[in-house]
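Single-structure report; data block below.
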Amino acid sequence: MAVQRIKLLGVPVDILPPQDMETEILELLAKPGTKQIVFLSVWDLLRARRRGDYGQCVRDADLVLPVSKSILRGARFLKQDVPVRYNQFTAVISILSVLENHYKSLYLLGGRKKSLMAAERNVRSTFPGLQIVGRYVGYYPKAVENDIVQAIFKASPSLALVSDGIREKDCWSYTRRNRFSSSIFLYYRDGIGIFSERIKRVKEKTFERGLEIWSEILHNPLKLFLIFPYIYYIVCLLWYKLFKRNDAD
């Protein structure tokens with residue numbers, strides 16, 4: 001396995017060098033059953049420390065990729081091996097490229113109808129060798145959920161990309177994992193929006209500097225209050241550091 005797993009504040013975080021992405025995806029595809037890739041922000045990490053479906057989802061995920069610079073700083077502060085930070089859009093493009101190169105398939109779930117159709121067209125034109133075996137909109141009525149699950153089960157896509165409009169986010173596939181066959185599931189909230197060109201993705205320079213939170217605050221000023229959970233994160237790191245807690249369990 002190309003992946004090394006550490007635990008930060010008790011939450012698993014994987015170290016996957018970008019050059020090993022193809023090997024890891026192919027190994028996941030070869031594994032039986034439902035698999036899951038999770039993009040983990042520092043806010044997600046704090047949420048995963050609590051008991052509940054999300055925490056269990058992250059602990060059971062096959063691949064946990066950090067997307068926040070604060071996670072890297074935390075690992076460095078606790079003198080652990082430092083993970084590679086992933087831009088979600090770039091990671092998804094890399095995964096789709098691997099799937100296309102190996103003639104694999106994709107299912108799109110999420111977004112409004114117009115965005116979903118535009119996203120599908122753009123994905124088809126960008127990855128012509130990738131087979132799209134199905135799609136369904138987000139924000140759907142509860143009554144049709146069984147039909148969606150059955151459709152994904154029958155299509156058995158290599159990857160199901162889950163996006164906006166799926167209320168349970170990462171937990172949607174996790175809580176239904178026994179109802180699917182052998183697909184990889186990945187929740188990326190802005191996936192359909194970006195592929196449909198409805199949403200602009202974060203600029204690479206902004207991401208590299210770790211400043212993407214400011215663009216989120218511009219769209220939603222209430223995110224300024226994230227300063228409080230961030231302070232809690234710092235306190236947790238200090239506690240672990242001072243008491244030299246073994247974080248390998």
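Residue numbers start at 1 and run along the sequence shown. Values below: every heavy atom of this structure, side chains too, minus hydrogens, waters and symmetry copies. In this text the structure is predicted, and so the values were computed from the model without any measurement.
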(message) Closer than 4.0 angstrom, basic N to acidic O: yes or no for Glu208 and Lys205?
(response) no

(message) Arg176 vs Glu168, test: salt bridge (charged side-chain N to carboxylate O under 4.0 Å, His left out). Steps then yes/no.
(response) CA-CA 11 Å; Arg176 296 161 180 79; Glu168 295 173 66; 2.7 Å; yes

(message) What's the separation between atom CD1 in Ile234 and atom CZ in Arg73, rounded to the nearest 0.5 Å?
(response) 8.5 Å

(request) Compare all side-chain heavy atoms of Phe185 with those of Tyr174 and state whether any distance is below 4.5 angstrom. (result) no

(message) Applying side-chain contact (heavy atoms from CB on, under 4.5 Å) to Val84 and Leu16, what does each step give before you reach the verdict?
(response) CA-CA 6 Å; Val84 176; Leu16 175 64; over 6 Å; no

(request) Kindly compute the distance separating CZ (Phe243) from CG (Leu238), expressed to the nearest 0.5 Å. (result) 10.5 Å

(message) In the structure I gave you, are the side-chain heavy atoms of Ile194 and Val92 within less than 4.5 Å of one another anywhere?
(response) no

(message) Using only atom types and a distance under 3.5 Å, with no angle test, would you say the side chain of Arg49 pairs donor to acceptor with the backbone of Leu9?
(response) yes

(request) Might you point out which heavy atoms bring Gln36 and Cys57 nearest each other, and give the distance in Å? (result) OE1-SG, 3.6 Å

(request) For residues Tyr107 and Ser183, determine if any side-chain heavy atom of one lies less than 4.5 Å from a side-chain heavy atom of the other. (result) no

(message) Donor-acceptor check, side chain of Ser105 to backbone of Ser158, threshold 3.5 angstrom: yes or no?
(response) yes

(request) Without swapping roles, check the side chain of Arg5 against the backbone of Asp14 for a donor-acceptor pair under 3.5 Å. (result) no

(message) Atom NZ of residue position Lys35 - does it have more than 12 heavy atoms of other residues, nucleotides or ligands inside 6.0 Å?
(response) yes

(message) Less than 4.5 Å apart, side chain to side chain, heavy atoms only: is that true for Glu22 and His102?
(response) yes

(message) Salt bridge or not between Arg47 and Asp170? Use side-chain N to carboxylate O under 4.0 Å.
(response) no

(request) Test Gln88 against Arg201 for side-chain contact (heavy atoms from CB on, under 4.5 Å), laying out the working first. (result) CA-CA 10 Å; Gln88 295 177 68; Arg201 64 187 182 92; over 6 Å; no

(request) Check whether Tyr103 and Leu130 end up in the same hydrophobic cluster, where Ile, Leu, Val, Met, Phe, Trp and Tyr are linked by side-chain heavy atoms less than 4.5 Å apart. (result) no

(request) Indicate yes or no: at least one non-hydrogen side-chain atom of Ser173 is less than 4.5 angstrom from one of Tyr187. (result) no

(request) Not counting sequence neighbours, which residues clear side-chain hydrogen bond (donor to acceptor under 3.5 Å, both in side chains) with Asp190? List them please. (result) none

(message) Could you measure the distance from the CG atom of Leu65 to the CD1 atom of Ile15? Nearest 0.5 Å is fine.
(response) 11.5 Å

(message) For a 4.5 angstrom cut-off between non-hydrogen side-chain atoms, does Phe195 reach Thr126?
(response) no

(request) For residues Ile166 and Tyr136, determine if any side-chain heavy atom of one lies less than 4.5 Å from a side-chain heavy atom of the other. (result) no

(request) Apply the test side-chain contact (heavy atoms from CB on, under 4.5 Å) to residues Val58 and Asp44: give CA-CA distance (whole Å), side-chain angles for both, the deciding distance (0.1 Å), then the verdict. (result) CA-CA 9 Å; Val58 173; Asp44 296 328; over 6 Å; no

(request) Identify the heavy atoms of Gly129 and Glu100 that sit nearest to each other, and give their distance. (result) N-OE2, 3.0 Å

(message) Once rounded to the nearest 0.5 Å, what's the spacing between atom CD1 of Ile95 and atom OH of Tyr188?
(response) 11.0 Å

(request) Decide side-chain contact (heavy atoms from CB on, under 4.5 Å) for Ile37 and Ile25; before the verdict, give the C-alpha distance in whole Å, the side-chain angles of both, and the deciding distance to 0.1 Å. (result) CA-CA 10 Å; Ile37 300 173; Ile25 295 303; 3.9 Å; yes

(request) Determine the minimum heavy-atom distance between Leu116 and Gly110, stating which atoms define it. (result) CD1-O, 3.6 Å

(request) Of all the heavy-atom pairs spanning Leu40 and Leu45, show the shortest one and how long it is. (result) CD1-N, 3.9 Å

(request) Give a yes or no answer on whether the side chain of Ser163 reaches the backbone of Ile192 with a donor-acceptor pair at less than 3.5 Å. (result) yes

(message) Working to the nearest 0.5 angstrom, can you tell me the gap between Ile71 CD1 and Arg76 CZ?
(response) 12.5 Å

(message) Looking at every heavy atom in both Ile6 and Pro83, which two are closest together, and how far apart are they?
(response) CD1-CG, 4.0 Å

(request) For the residue pair Leu99 and Leu29, establish whether any side-chain heavy-atom pair is separated by less than 4.5 Å. (result) yes

(message) Measuring from atom CD of Glu24 to atom CG of Leu26, what distance do you get when rounded to the nearest 0.5 angstrom?
(response) 9.5 Å

(request) Please check if the distance between the ring centroids of Trp172 and Phe180 is under 6.0 Å. (result) yes

(request) Using the rule that two of Ile, Leu, Val, Met, Phe, Trp, Tyr join whenever any of their side-chain heavy atoms come within less than 4.5 Å, decide whether Phe153 and Leu161 are in one cluster. (result) no

(request) Kindly confirm or rule out a cation-pi arrangement of Arg112 over Tyr139, judged by NZ or CZ under 6.0 Å from the six-membered ring centre and within 45° of its axis? (result) yes

(message) Could you tell me if Asn122 and Ser125 have a donor-acceptor pair between their side chains, going purely by distance under 3.5 Å?
(response) no

(request) State plainly whether one hydrophobic cluster holds both Met117 and Val137, where clusters connect Ile, Leu, Val, Met, Phe, Trp and Tyr through side-chain heavy atoms under 4.5 angstrom apart. (result) no

(request) Taking all heavy atoms of Arg59 and all of Pro12, pick out the closest pair and write down the distance. (result) CA-CG, 3.8 Å

(message) Taking Arg124 first and then Glu120, would you say they form a salt bridge - that is, a charged N and a carboxylate O separated by under 4.0 Å?
(response) yes

